[in-house]
Q: 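This structure is in structure tokens; I'll ask about it shortly.
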Number of protein chains: 2
Amino acid sequence: MQTTAASHNYPCQNCKVRDKAICSALTNEELRELSKVTTEVQLAAEAAVFYEGDENTYLFNVVAGTIRLTKLLPDGRRQVTGFLFPGDFLGLSVGNTYVYTAEAVTEVSLCRFKRGNLVKMLDRFPNLEHRLLELASNELVQAQTQLLLLGQKTATERVSSVLVGLMERIGRRGDDGIVIDLPMTRGDLADYAGLRTETVSRCFTQLREEGVIDTLGKHGVNIRQPEKLADLSGDQ
Amino acid sequence: MQTTAASHNYPCQNCKVRDKAICSALTNEELRELSKVTTEVQLAAEAAVFYEGDENTYLFNVVAGTIRLTKLLPDGRRQVTGFLFPGDFLGLSVGNTYVYTAEAVTEVSLCRFKRGNLVKMLDRFPNLEHRLLELASNELVQAQTQLLLLGQKTATERVSSVLVGLMERIGRRGDDGIVIDLPMTRGDLADYAGLRTETVSRCFTQLREEGVIDTLGKHGVNIRQPEKLADLSGDQ
DNA sequence: CGCGTTATTGAAGTCCATCAATGGCTGTGG
DNA sequence: CCACAGCCATTGATGGACTTCAATAACGCG
């Protein structure tokens, strides 16, 4: 992992994600304390933040960029268990090791601190543990929703669901619909949806032909008919 | 939900799952306090504990029996997100509603208490919140492991993985292998593994023909070759 | 502008689902 | 206690959705 900027004095107050992640549970005073043990790190696209099985030394908040969480089978099959965006928290674990691999999809900027420091703070700031439990619960709900997707949905429903999910998290209102700048490849999406690249591509084409979406280069998606996309997701 | 036995004075000290669930985080003294707000409820097989979307009023510990957690799509497709056994905790949620349906697979006995009571106790017993975070984290890991199964594994690998998981949780050493008394139907297992009943059945047959398992009636499974089953699970 | 990577499209194949019928528990009532 | 009924599991035959293999096209980066 390449650290390009260490900034012990980085003022959390100016942080773009100050009111997200776990920091939202802290007062300004508490935040000042946290900022003492905080380092900002930058990673190039495709760099690994940590690998499944590594000792869990650091916890992170995503400040900028996109992170991909993956689990691997011994023969190389890969499941993407989630994508993280600015404001998301990274590093929950059981025991002393990370339970998935985290990699940068784009260039990424992370707010890093030692696990030990957080654990120490937990005793003094009960809010923090409440917040962690809340985060874990949310992740759990998210994971269970994905179980439903992977276990029961068709290819079209999966791709539609994934697009709806990304739309809600990183969509921006455009001239004619909601625009997503997809940071990840079709392959990443495929491994997230339990499909193959070609199938994801075919679903995109189908959605385009039906007028539900437009694609703008490799990364741009314009969702012209959000309701129709939601219908196609199988959730309603 | 049918309550057959209310027991305000039930002594948690004698509880069969006293050192599991969240109770393991409590001292005897704390436990005495918890037992004041605790009710033991019994449910018949196939009864619902609660439905997805219900207001989250109660939390539970499973004392005896098996619980099935499910999520449904509007058209009836069902994903089983997990099975609970004695000692497991039930009722984590986000917001004020349950995020999945919980149903009794067998006759079940539950230790029930109001969510509000637990929340009150959280302030006084920090251990309890630690424990809840631990439980949530464990569930999360479990869910992510299941994502890998549903997204990437073949039918045989899924069924083998599920059997390995059940073996570890409810397996008993038998004369010639490890014996599981499967409380759920093939249909439940299918909805858990993202398969159809027929496919699960065919996988059982195949495993039997290969000498990996024996089936004893509808519910009994004898795992003669645990290592071979683990190999077939795709995890090693 | 050109090259490498990623996306798309097409054709063929495979695994699991679906449809259908039989077989076998299990629990109940005579 | 046995017989029956109903559900569940199994097995077989067929079909379909997605994968796999292969080739082309199009980004987008240097």
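Lettering follows sequence order; numbering is per chain, from 1.
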Q: Identify, with sequence neighbours excluded, every residue that meets salt bridge (Lys or Arg N to Asp or Glu O under 4.0 Å) alongside E107(A).
A: none
Q: Below 4.5 Å, heavy atoms only, C-beta onward: do V17(A) and C111(A) meet side chain to side chain?
A: no
Q: Give me the first and last nucleotide of DNA chain D, going 5' to 3', that has any atom under 4.0 Å from a heavy atom of chain A.
A: dC18(D) to dG28(D)
Q: Which parts of residues 143-160 of chain A get close to DNA chain D, meaning a heavy atom less than 4.0 angstrom away?
A: T154(A), A155(A)
Q: Check whether S109(B) reaches the backbone of Q42(B) with its side chain - one donor and one acceptor, N or O, closer than 3.5 Å.
A: no
Q: Keeping to residues at least two apart or across chains, list the side chain to side chain donor-acceptor pair (under 3.5 Å) pairs with something in residues 73-93 of chain A.
A: N56(A)-S93(A), D75(A)-R77(A), R77(A)-E157(B), R78(A)-D188(A), R78(A)-D191(A), Q79(A)-Q152(B), D88(A)-R169(A), S93(A)-R115(A)
Q: If only atom types and distance count, is the side chain of T101(B) paired as donor or acceptor with the main-chain N or O of E52(B) below 3.5 Å?
A: yes
Q: At 10 degrees resolution, what angle do the end axes of the helix from dC1(C)-dG30(D) to dG30(C)-dC1(D) form when each is taken over five base pairs?
A: 50°
Q: Under a 4.5 Å cut-off applied to non-hydrogen side-chain atoms, are L59(B) and I22(B) in contact?
A: no
Q: Are L166(A) and L189(A) side-chain neighbours, meaning at least one heavy-atom pair lies under 4.5 Å?
A: yes
Q: Sequence neighbours left out, cut at 3.5 Å: what donor-acceptor pairs do the side chains of residues 216-224 of chain B make with other protein atoms?
A:
residue : atom : partner : partner atom : Å
H219(B) : ND1  : L182(B) : O            : 2.8
N222(B) : ND2  : D176(B) : O            : 3.0
R224(B) : NE   : D176(B) : OD2          : 3.2
R224(B) : NH1  : D214(B) : OD2          : 2.3
R224(B) : NH2  : D176(B) : OD2          : 2.6

Q: Starting at CG of L195(B) and ending at C1' of dT18(C), how long is that distance when rounded to a whole Å?
A: 14 Å
Q: I'd like to check the salt bridge (Lys or Arg N to Asp or Glu O under 4.0 Å) partners of D54(A); sequence neighbours left out, ordered by chain and number.
A: none
Q: Check whether any side-chain N or O of S160(B) sits under 3.5 Å from a backbone N or O of T156(B) as a donor-acceptor pair, and report yes or no.
A: yes
Q: Between R196(B) (CZ) and dC16(C) (C1'), how many Å, whole number?
A: 10 Å
Q: Which pairs pass salt bridge (Lys or Arg N to Asp or Glu O under 4.0 Å) with one or both residues in residues 192-211 of chain B, sequence neighbours excluded?
A: none
Q: Where along residues 181-190 of chain A does a heavy atom come under 4.0 Å from DNA chain C, residue by residue in number order?
A: T185(A), R186(A), G187(A)
Q: Contacts to DNA chain C from residues 201-222 of chain B, heavy-atom cutoff under 4.0 Å, which residues?
A: R202(B), K218(B)
Q: Applying side chain to side chain contact (heavy atoms under 4.5 Å, CB included), name anything that partners S161(B), two or more places apart in sequence or on another chain.
A: L149(B), K153(B), S233(B), D235(B)
Q: Checking Y192(B) now: which residues fulfil side-chain hydrogen bond (donor to acceptor under 3.5 Å, both in side chains) with it, not counting sequence neighbours?
A: Q142(B)
Q: If you define the side chain from C-beta out and look only at heavy atoms, does anything of Q225(B) sit under 4.5 Å from L229(B)?
A: no
Q: Going by heavy atoms in the side chains, are L163(B) and F204(B) under 4.5 Å from each other?
A: yes
